[in-house]
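Notes to accompany the following structure.
Count residues from 1 along the sequence. For the numbers below, each heavy atom of this structure counts, side chains included, while hydrogens, waters and symmetry mates do not.
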Amino acid sequence: MSVDTATVKRVASLARIAITDAEAERLAPELGNILGWIEQLGEVDTSSVEPMTAVIPNTLRLREDVVTDGNMRDAVLANAPQAEHGFFAVPKVIE
């Protein structure tokens with residue numbers, strides 16, 4: 001894919017990068033080469049490759065999903081400044 005200087009200037013404008021005409025002429029073939037590499041990557045057959053999140057196999061260390069600190073309502077509410085009917089009591093806030 002070929003990139004002309006007008007496209008380079010447009011991309012630079014969108015990225016809010018100030019470039020001169022000489023820089024645009026120098027960057028045009030470089031951007032064309034980058035897009036060529038991207039096209040080559042698109043041609044690679046990856047149908048037999050499984051998606052992965054890392055290059056090494058990772059497994060999560062799981063624990064049992066068991067409630068260990070349950071039924072402590074009274075102990076928790078003992079730390080509250082105010083409690084009513086088994087709940088935290090907070091002041092009414094109206095804006």
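Here the closest heavy-atom approach between residue Glu25 and residue Pro29 is recorded as O-CD, 3.2 Å. Of all non-hydrogen atoms in Val3 and Ala28, the two that sit nearest each other are O-CB, 3.4 Å. Ala18 approaches Glu23 most closely through the heavy-atom pair O-OE1, 4.2 Å. Minimum interatomic distance between Phe88 and Val76 (heavy atoms only, all atoms of both residues): CZ-CG1, 3.9 Å.
For the atom pair CG of Asp74 and CE of Met72, the computed distance is 10.0 Å after rounding to the nearest 0.5 Å. Rounding to the nearest 0.5 angstrom, the gap separating the NZ atom in Lys9 from the CG atom in Leu14 is 14.5 Å. Considering OG1 of Thr20 and CZ of Arg26, their distance stands at 8.5 Å, rounded to 0.5 Å.
When the side chains of ILVMFWY residues are joined at heavy-atom separations under 4.5 Å, either directly or via intervening members, Ile34 and Val11 end up in two distinct hydrophobic clusters. In this structure, Val44 is not a member of the same hydrophobic cluster as Ile38, with clusters built from ILVMFWY side-chain heavy atoms closer than 4.5 Å. The cluster map of Ile, Leu, Val, Met, Phe, Trp and Tyr, joined by side-chain heavy atoms under 4.5 Å apart, puts Ile19 and Leu31 in the same cluster. Hydrophobic cluster membership is shared by Ile17 and Leu35, with clusters built from Ile, Leu, Val, Met, Phe, Trp and Tyr side chains linked at under 4.5 angstrom.
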Residues Leu27, Glu30; criterion side chain to side chain contact (heavy atoms under 4.5 Å, CB included); working and verdict: CA-CA 5 Å; Leu27 289 173; Glu30 289 182 27; 4.0 Å; yes

